[in-house]
Amino acid sequence: MRALLTVLALFPSAVMADCRDEQAFVYETIAGNGWVVEAPGAMSQSDGLCRVTDVVLTQESLVFGLGSVSWRLEGLNALKAGAGRVSIDAGIDDFRFAPRVQDPWLNYMLAEQNRRNLIDATLRAGLDFEAGRLTVDGLKIDLPGENEIALDVAVRGVGPTLLTGLVSDLAALELERMSVAVENHGFADALILGVLVGRFSGVPGSPETVVEATKAELASIVRGLPGDVLPEDSKAALVALIDNGPAPWGRLSIDIEAAGGLPMSGFLALATSTDPLSPDALRDAFSGAQIAIGFSPETGVE
(Lines give C-alpha, C1' and ligand atoms only; values in the text may rest on other atoms or scores of the structure.)
Protein backbone atom coordinates (compact mmCIF):
# COMPACT_ATOMS: atom_id res chain seq x y z
CA MET A 1 0.00 0.00 0.00
CA ARG A 2 2.83 2.44 0.84
CA ALA A 3 4.43 1.76 -2.55
CA LEU A 4 1.12 2.40 -4.30
CA LEU A 5 0.70 5.75 -2.53
CA THR A 6 4.24 6.69 -3.49
CA VAL A 7 3.48 6.02 -7.16
CA LEU A 8 0.25 8.02 -6.94
CA ALA A 9 2.14 10.96 -5.45
CA LEU A 10 4.34 11.04 -8.59
CA PHE A 11 1.30 11.68 -10.79
CA PRO A 12 -0.71 14.41 -9.00
CA SER A 13 -2.36 15.72 -12.17
CA ALA A 14 -3.86 12.29 -12.98
CA VAL A 15 -5.04 11.81 -9.40
CA MET A 16 -6.51 15.32 -9.36
CA ALA A 17 -8.44 14.55 -12.55
CA ASP A 18 -9.89 11.45 -10.89
CA CYS A 19 -10.83 13.53 -7.85
CA ARG A 20 -12.67 16.04 -10.00
CA ASP A 21 -14.48 13.27 -11.91
CA GLU A 22 -15.60 11.71 -8.63
CA GLN A 23 -16.69 15.09 -7.24
CA ALA A 24 -18.67 15.84 -10.41
CA PHE A 25 -20.36 12.43 -10.27
CA VAL A 26 -21.46 12.99 -6.66
CA TYR A 27 -22.73 16.52 -7.36
CA GLU A 28 -24.69 15.33 -10.40
CA THR A 29 -26.21 12.49 -8.38
CA ILE A 30 -27.35 14.64 -5.46
CA ALA A 31 -28.62 17.34 -7.83
CA GLY A 32 -30.94 14.72 -9.29
CA ASN A 33 -32.35 14.18 -5.80
CA GLY A 34 -33.33 17.78 -5.13
CA TRP A 35 -30.06 19.21 -3.78
CA VAL A 36 -28.45 22.45 -4.92
CA VAL A 37 -24.67 22.93 -4.82
CA GLU A 38 -24.29 26.59 -3.82
CA ALA A 39 -20.52 26.41 -3.28
CA PRO A 40 -18.62 23.44 -4.80
CA GLY A 41 -15.59 24.03 -2.59
CA ALA A 42 -11.85 24.00 -3.23
CA MET A 43 -10.26 20.75 -4.44
CA SER A 44 -6.91 19.31 -3.37
CA GLN A 45 -5.27 15.87 -3.24
CA SER A 46 -2.53 14.21 -1.22
CA ASP A 47 -1.29 10.60 -1.26
CA GLY A 48 -4.24 9.50 -3.37
CA LEU A 49 -6.74 11.11 -1.00
CA CYS A 50 -9.20 13.59 -2.53
CA ARG A 51 -10.26 16.55 -0.41
CA VAL A 52 -12.78 19.36 -0.90
CA THR A 53 -13.14 22.23 1.58
CA ASP A 54 -15.85 24.82 2.22
CA VAL A 55 -18.80 23.13 0.50
CA VAL A 56 -22.32 24.56 0.80
CA LEU A 57 -25.39 22.51 -0.17
CA THR A 58 -29.07 23.39 0.14
CA GLN A 59 -32.25 21.37 0.05
CA GLU A 60 -35.49 23.31 0.19
CA SER A 61 -35.22 25.44 3.36
CA LEU A 62 -32.11 23.84 4.87
CA VAL A 63 -28.49 24.90 4.40
CA PHE A 64 -25.68 22.38 4.84
CA GLY A 65 -22.08 23.50 5.22
CA LEU A 66 -19.12 21.12 5.15
CA GLY A 67 -15.74 22.29 6.37
CA SER A 68 -14.07 19.48 4.48
CA VAL A 69 -14.85 16.18 2.77
CA SER A 70 -12.07 13.69 2.05
CA TRP A 71 -12.32 10.35 0.30
CA ARG A 72 -10.52 7.52 -1.46
CA LEU A 73 -12.75 5.85 -4.04
CA GLU A 74 -11.99 2.77 -6.09
CA GLY A 75 -14.34 1.82 -8.91
CA LEU A 76 -15.93 5.05 -10.16
CA ASN A 77 -16.45 3.52 -13.61
CA ALA A 78 -18.09 0.50 -11.99
CA LEU A 79 -20.36 2.86 -10.08
CA LYS A 80 -21.33 4.70 -13.26
CA ALA A 81 -21.89 1.48 -15.21
CA GLY A 82 -23.64 -0.40 -12.42
CA ALA A 83 -21.28 -3.36 -12.86
CA GLY A 84 -18.16 -4.42 -10.96
CA ARG A 85 -16.93 -3.46 -7.51
CA VAL A 86 -16.73 -0.16 -5.65
CA SER A 87 -15.07 0.69 -2.35
CA ILE A 88 -14.84 3.97 -0.50
CA ASP A 89 -13.23 5.40 2.60
CA ALA A 90 -14.50 8.87 3.41
CA GLY A 91 -14.49 11.45 6.16
CA ILE A 92 -16.40 14.65 6.87
CA ASP A 93 -15.14 17.35 9.22
CA ASP A 94 -17.00 20.36 10.59
CA PHE A 95 -20.40 19.65 9.07
CA ARG A 96 -23.23 21.94 10.17
CA PHE A 97 -26.77 22.62 9.07
CA ALA A 98 -29.37 25.29 9.78
CA PRO A 99 -32.79 26.32 8.50
CA ARG A 100 -32.95 29.15 5.95
CA VAL A 101 -35.90 31.54 6.32
CA GLN A 102 -37.03 34.77 4.68
CA ASP A 103 -36.44 37.05 7.69
CA PRO A 104 -32.73 38.10 7.49
CA TRP A 105 -32.39 38.59 11.27
CA LEU A 106 -33.93 35.22 12.09
CA ASN A 107 -31.75 33.70 9.40
CA TYR A 108 -28.71 35.32 11.04
CA MET A 109 -29.73 34.06 14.49
CA LEU A 110 -30.21 30.45 13.29
CA ALA A 111 -26.87 30.49 11.50
CA GLU A 112 -25.10 31.81 14.62
CA GLN A 113 -26.79 29.24 16.85
CA ASN A 114 -25.47 26.43 14.68
CA ARG A 115 -22.03 27.90 13.98
CA ARG A 116 -20.35 25.70 16.61
CA ASN A 117 -22.69 22.69 16.35
CA LEU A 118 -20.15 20.77 14.29
CA ILE A 119 -20.52 17.16 13.18
CA ASP A 120 -17.75 14.80 12.06
CA ALA A 121 -18.26 11.49 10.27
CA THR A 122 -16.28 8.59 8.84
CA LEU A 123 -17.41 5.92 6.38
CA ARG A 124 -16.00 2.68 5.02
CA ALA A 125 -18.23 0.87 2.52
CA GLY A 126 -18.11 -1.58 -0.37
CA LEU A 127 -20.50 -2.32 -3.23
CA ASP A 128 -20.35 -5.46 -5.38
CA PHE A 129 -22.82 -5.21 -8.27
CA GLU A 130 -22.15 -8.76 -9.47
CA ALA A 131 -23.10 -10.18 -6.06
CA GLY A 132 -25.72 -7.47 -5.54
CA ARG A 133 -24.26 -6.75 -2.11
CA LEU A 134 -23.63 -3.54 -0.18
CA THR A 135 -21.62 -3.51 3.02
CA VAL A 136 -21.05 -0.62 5.40
CA ASP A 137 -18.26 -1.81 7.65
CA GLY A 138 -18.01 1.42 9.57
CA LEU A 139 -20.18 4.51 9.59
CA LYS A 140 -19.59 6.73 12.60
CA ILE A 141 -21.21 10.13 13.15
CA ASP A 142 -19.74 12.21 15.96
CA LEU A 143 -22.38 14.75 16.99
CA PRO A 144 -21.91 17.83 19.21
CA GLY A 145 -21.43 16.97 22.87
CA GLU A 146 -21.44 13.35 24.04
CA ASN A 147 -23.62 12.18 21.17
CA GLU A 148 -22.78 9.60 18.54
CA ILE A 149 -24.28 7.23 15.97
CA ALA A 150 -22.45 4.12 14.72
CA LEU A 151 -23.68 1.74 12.02
CA ASP A 152 -22.53 -1.51 10.41
CA VAL A 153 -24.81 -3.13 7.84
CA ALA A 154 -24.84 -5.64 4.99
CA VAL A 155 -27.65 -5.89 2.43
CA ARG A 156 -28.13 -7.85 -0.78
CA GLY A 157 -30.33 -7.37 -3.81
CA VAL A 158 -28.54 -4.15 -4.78
CA GLY A 159 -29.15 -2.96 -8.34
CA PRO A 160 -27.41 -0.33 -10.49
CA THR A 161 -30.17 2.24 -9.79
CA LEU A 162 -29.82 2.11 -6.00
CA LEU A 163 -28.42 5.65 -5.83
CA THR A 164 -31.65 7.08 -7.24
CA GLY A 165 -33.38 6.25 -3.96
CA LEU A 166 -36.47 4.81 -5.64
CA VAL A 167 -38.77 3.01 -3.19
CA SER A 168 -39.01 0.04 -5.56
CA ASP A 169 -35.22 -0.41 -5.43
CA LEU A 170 -35.17 -0.13 -1.65
CA ALA A 171 -38.01 -2.65 -1.31
CA ALA A 172 -35.99 -5.20 -3.29
CA LEU A 173 -33.16 -5.20 -0.76
CA GLU A 174 -32.66 -7.91 1.85
CA LEU A 175 -30.93 -7.23 5.16
CA GLU A 176 -28.26 -9.73 6.22
CA ARG A 177 -26.98 -7.98 9.31
CA MET A 178 -27.17 -4.63 11.03
CA SER A 179 -25.61 -3.18 14.13
CA VAL A 180 -26.66 0.28 15.33
CA ALA A 181 -25.47 2.15 18.40
CA VAL A 182 -26.86 5.54 19.42
CA GLU A 183 -25.43 7.64 22.24
CA ASN A 184 -27.77 10.46 23.23
CA HIS A 185 -26.93 13.12 25.77
CA GLY A 186 -29.21 15.85 24.52
CA PHE A 187 -28.70 16.12 20.78
CA ALA A 188 -31.71 13.96 19.87
CA ASP A 189 -34.03 15.56 22.41
CA ALA A 190 -35.37 18.29 20.12
CA LEU A 191 -36.12 15.78 17.36
CA ILE A 192 -37.89 13.36 19.70
CA LEU A 193 -39.89 16.04 21.50
CA GLY A 194 -40.81 17.80 18.24
CA VAL A 195 -42.36 14.59 16.88
CA LEU A 196 -44.06 13.95 20.22
CA VAL A 197 -45.65 17.41 20.38
CA GLY A 198 -46.81 17.18 16.77
CA ARG A 199 -48.38 13.78 17.42
CA PHE A 200 -50.09 14.40 20.79
CA SER A 201 -50.71 18.14 21.08
CA GLY A 202 -54.40 17.66 20.23
CA VAL A 203 -55.00 14.87 22.77
CA PRO A 204 -57.09 15.97 25.80
CA GLY A 205 -55.25 16.25 29.11
CA SER A 206 -52.04 17.81 30.34
CA PRO A 207 -48.83 16.99 28.46
CA GLU A 208 -47.46 15.15 31.50
CA THR A 209 -50.58 12.96 31.80
CA VAL A 210 -50.69 12.14 28.09
CA VAL A 211 -46.99 11.31 27.92
CA GLU A 212 -47.01 9.08 31.01
CA ALA A 213 -50.12 7.24 29.79
CA THR A 214 -48.49 6.70 26.39
CA LYS A 215 -45.30 5.40 28.00
CA ALA A 216 -47.30 2.96 30.14
CA GLU A 217 -49.19 1.72 27.08
CA LEU A 218 -46.00 1.23 25.06
CA ALA A 219 -44.27 -0.59 27.92
CA SER A 220 -47.28 -2.89 28.26
CA ILE A 221 -47.19 -3.70 24.53
CA VAL A 222 -43.46 -4.49 24.68
CA ARG A 223 -43.84 -6.73 27.74
CA GLY A 224 -46.62 -8.62 25.98
CA LEU A 225 -44.65 -9.42 22.83
CA PRO A 226 -44.03 -13.13 22.29
CA GLY A 227 -40.49 -14.37 22.88
CA ASP A 228 -40.17 -15.46 19.24
CA VAL A 229 -40.59 -11.82 18.23
CA LEU A 230 -38.26 -10.31 20.84
CA PRO A 231 -36.16 -12.04 23.55
CA GLU A 232 -36.88 -11.20 27.19
CA ASP A 233 -33.63 -9.29 27.78
CA SER A 234 -34.30 -7.16 24.70
CA LYS A 235 -37.85 -6.47 25.90
CA ALA A 236 -36.44 -5.37 29.27
CA ALA A 237 -34.03 -3.01 27.49
CA LEU A 238 -36.88 -1.47 25.46
CA VAL A 239 -38.98 -1.01 28.61
CA ALA A 240 -36.02 0.74 30.27
CA LEU A 241 -35.72 3.00 27.22
CA ILE A 242 -39.42 3.87 27.44
CA ASP A 243 -39.24 4.46 31.21
CA ASN A 244 -36.42 6.96 30.65
CA GLY A 245 -38.49 8.81 28.03
CA PRO A 246 -39.77 10.89 26.49
CA ALA A 247 -36.21 12.03 25.74
CA PRO A 248 -34.00 9.23 27.09
CA TRP A 249 -30.31 9.84 27.71
CA GLY A 250 -27.91 6.92 27.45
CA ARG A 251 -26.73 4.35 24.93
CA LEU A 252 -29.06 2.26 22.75
CA SER A 253 -27.80 -0.68 20.70
CA ILE A 254 -29.71 -2.78 18.16
CA ASP A 255 -28.21 -5.86 16.52
CA ILE A 256 -30.01 -7.87 13.83
CA GLU A 257 -28.70 -11.04 12.21
CA ALA A 258 -30.57 -12.59 9.27
CA ALA A 259 -28.35 -15.03 7.38
CA GLY A 260 -31.27 -16.01 5.14
CA GLY A 261 -32.01 -12.39 4.30
CA LEU A 262 -34.65 -10.11 5.78
CA PRO A 263 -36.73 -8.44 3.03
CA MET A 264 -36.80 -4.65 3.35
CA SER A 265 -40.30 -4.75 1.89
CA GLY A 266 -41.39 -6.07 5.29
CA PHE A 267 -40.17 -2.87 6.96
CA LEU A 268 -42.05 -0.76 4.41
CA ALA A 269 -45.20 -2.79 5.11
CA LEU A 270 -44.65 -2.31 8.84
CA ALA A 271 -44.32 1.45 8.39
CA THR A 272 -47.68 1.61 6.61
CA SER A 273 -49.46 -0.88 8.88
CA THR A 274 -52.45 0.31 10.92
CA ASP A 275 -51.06 -1.64 13.89
CA PRO A 276 -47.26 -1.83 13.46
CA LEU A 277 -46.68 -3.00 17.06
CA SER A 278 -48.95 -6.03 16.84
CA PRO A 279 -47.21 -9.43 17.25
CA ASP A 280 -48.35 -10.58 13.79
CA ALA A 281 -47.03 -7.44 12.07
CA LEU A 282 -43.68 -7.73 13.85
CA ARG A 283 -43.44 -11.46 13.10
CA ASP A 284 -44.00 -10.78 9.40
CA ALA A 285 -41.39 -8.01 9.33
CA PHE A 286 -38.66 -9.81 11.32
CA SER A 287 -39.30 -13.47 10.43
CA GLY A 288 -36.02 -15.41 10.40
CA ALA A 289 -34.01 -12.71 12.17
CA GLN A 290 -32.25 -12.72 15.52
CA ILE A 291 -32.63 -9.43 17.39
CA ALA A 292 -30.71 -8.14 20.39
CA ILE A 293 -31.49 -4.74 21.96
CA GLY A 294 -29.58 -3.10 24.79
CA PHE A 295 -30.02 0.18 26.64
CA SER A 296 -27.74 1.74 29.26
CA PRO A 297 -29.41 4.84 30.76
CA GLU A 298 -27.54 7.93 31.86
CA THR A 299 -27.38 7.85 35.64
CA GLY A 300 -26.10 11.36 36.30
CA VAL A 301 -27.93 14.14 38.12
CA GLU A 302 -30.66 15.79 36.06
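Note: hydrogens, waters and symmetry copies are ignored here, and every other heavy atom, side chains too, is used. Values in this document were obtained by computation on a predicted structure and should not be read as measured data.
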[X] bridged to [Y] by N-O distance under 4.0 Å:
{"X": "Arg251", "Y": "Glu298", "answer": "no"}
{"X": "Asp120", "Y": "Arg96", "answer": "no"}
{"X": "Arg85", "Y": "Asp128", "answer": "yes"}

Near-ring test Tyr27/Trp35, centroid separation under 6.0 angstrom: no
Side-chain contact, heavy-atom cut-off 4.5 Å: [X] with [Y]?
{"X": "Leu252", "Y": "Asn184", "result": "no"}
{"X": "Val56", "Y": "Val63", "result": "yes"}
{"X": "Leu238", "Y": "Leu230", "result": "yes"}
{"X": "Phe286", "Y": "Leu262", "result": "yes"}
{"X": "Leu282", "Y": "Leu225", "result": "yes"}
{"X": "Asp243", "Y": "Val239", "result": "yes"}
{"X": "Thr58", "Y": "Arg100", "result": "yes"}
{"X": "Ile92", "Y": "Ile119", "result": "no"}

Considering all heavy atoms, the nearest Ile242-Ala219 contact: CD1-N, 3.9 Å
Mutual orientation of the aromatic rings belonging to Tyr108 and Trp105 [parallel < 30°, tilted 30-60°, perpendicular > 60°]: perpendicular
Sidechain-backbone polar pair: [X] side chain, [Y] backbone, donor-acceptor under 3.5 Å:
{"X": "Asn114", "Y": "Asn117", "result": "no"}
{"X": "Gln23", "Y": "Gly41", "result": "no"}
{"X": "His185", "Y": "Glu146", "result": "yes"}

Partners passing side chain to side chain contact (heavy atoms under 4.5 Å, CB included) against Asp228 (at least two apart in sequence or in another chain): Pro226, Arg283
Other residues, nucleotides, ligands: >12 heavy atoms within 6.0 Å of [X] [atom1]:
{"X": "Arg156", "atom1": "CZ", "answer": "yes"}
{"X": "Lys140", "atom1": "NZ", "answer": "no"}
{"X": "Phe267", "atom1": "CZ", "answer": "yes"}

